[in-house]
Amino acid sequence: MTYPTTPSYLYTFSVPTPFPVGPVNLYLAEGEPLTLLDAGPRYDPARKALTEALAERGYRVADLQRIILTHAHPDHCGLAAELVRESGAEVMAHAETGRRLAPGAEAQRVAFYADVMRWAGVPMEVLTSLAGARQGASHYTEPVTLDRALADGDTLQLGGEDWRVLHTPGHTGDLICLYQPQRRLLLSGDHLLRDISSNPLVEPPAPGQSERPRRLVEYMAQLRRVAEMDIALTLPGHGPPITDHRALIRERLAFHEKRARHILETMGDEALTTHEIVSQLFSGLDPINHFLAISEVIGHLQWLEVEGRVTRREQGGVARWRGKTRY
Ligand SMILES: [Zn+2]
């Protein structure tokens with residue numbers, strides 16, 4: 001499918017994923033080097049759809065010369081290693097994506113998540129089922145090595161035109177978007193999706209740092225940054241193109257403000273763990289959604305903390321949050 005204002009060298013298609021998010025959008029930039037933006041999950045139906053989409057344009061996987069990854073989630077990069085083996089394509093992504101996709105990185109992340117869940121006050125039996133669910137997701141990905149790390153402000157060529165790299169941490173710490181200023185076109189990855197609010201996920205601190213990243217705080221800052229930009233069309237990692245990025249960003253910012261207020265009201269005057277707050281907000285969550293809820297509530301609590309609307313006290317490795325007296 002080609003959208004009216006996309007360049008003719010950019011071919012958009014989607015491949016299925018085994019995840020609740022549904023299909024993922026991939027972008028093929030024709031010309032030298034033949035470039036694929038995101039690779040899809042390591043999943044048979046995705047492999048088949050990708051091969052067919054390439055064939056429609058007269059290519060085989062072996063023809064790929066470059067693969068750019070927007071972030072290290074299995075739905076976007078699970079198949080990358082396999083495509084590289086078949087094509088010898090060079091892989092580019094943010095340095096942080098490289099660290100996350102390196103061999104052995106998954107084991108470290110599992111340890112981190114156990115740690116953060118304890119910090120959130122999640123009971124042991126829930127922790128065990130969460131670990132099981134995470135292992136399920138790692139089945140759809142494989143480690144891959146970067147040939148070149150991309151950073152904010154870098155320029156690269158797609159279809160003979162200059163595209164600028166934007167590092168937009170939030171949904172994940174490594175997420176990049178690509179921007180073509182003359183066409184006012186943004187490839188947004190999962191930073192901006194029309195029908196889904198990109199849940200900022202709790203993540204391990206960057207190497208050499210002990211501070212937990214405040215992903216929602218970063219996400220909102222990066223949304224405001226993109227709102228300032230002159231963009232005619234946004235092509236996202238999932239779902240349809242976005243024609244009014246500013247209206248969508250206003251909606252997202254309002255949603256998070258409302259959610260934060262709701263969390264604050266639910267907390268009352270007690271000092272609660274994140275898990276206790278999540279239990280008051282939601283019931284009957286399966287392990288994956290429980291993890292997402294913990295992640296989301298941590299994001300909002302960290303933001304409320306930065307805004308001075310909650311305080312945090314840590315005891316025995318568990319954080320408790322208390323709302324400040326209403327203004
Ligand atoms: Zn995604």
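The analysis underlying the following values was restricted to heavy atoms, covering all of them including side chains, and did not include hydrogens, waters or symmetry mates. Just follow the structure's listing: the first ligand is 1, and inside any ligand the first atom is 1.
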Next on the checklist: Less than 4.5 Å apart, side chain to side chain, heavy atoms only: is that true for Arg60 and Glu86?
Outcome noted: no

Checklist entry - For residues 184-195, which residue pairs qualify under salt bridge (Lys or Arg N to Asp or Glu O under 4.0 Å), counting only residues two or more places apart or in two chains? => result Arg184-Asp230

Checklist entry - Among side-chain atoms of Asp162 and Gln157, is any donor-acceptor pair under 3.5 angstrom? => result yes

Checklist entry - Tally of protein N/O/S atoms under 2.8 Å from the Zn ion (ligand 1)? => result 4

Item to check | ring-ring contact (aromatic ring centres under 6.0 Å, His included): pairs with one or both residues in residues 180-209, sequence neighbours excluded | outcome: His191-Tyr219

Item to check | Any residue meeting ring-ring contact (aromatic ring centres under 6.0 Å, His included) with His300, in chain and number order, not counting sequence neighbours | outcome: His256

Item to check | salt bridge (Lys or Arg N to Asp or Glu O under 4.0 Å) partner of Glu257, the single match among Arg250, Arg309, Arg252 | outcome: Arg309

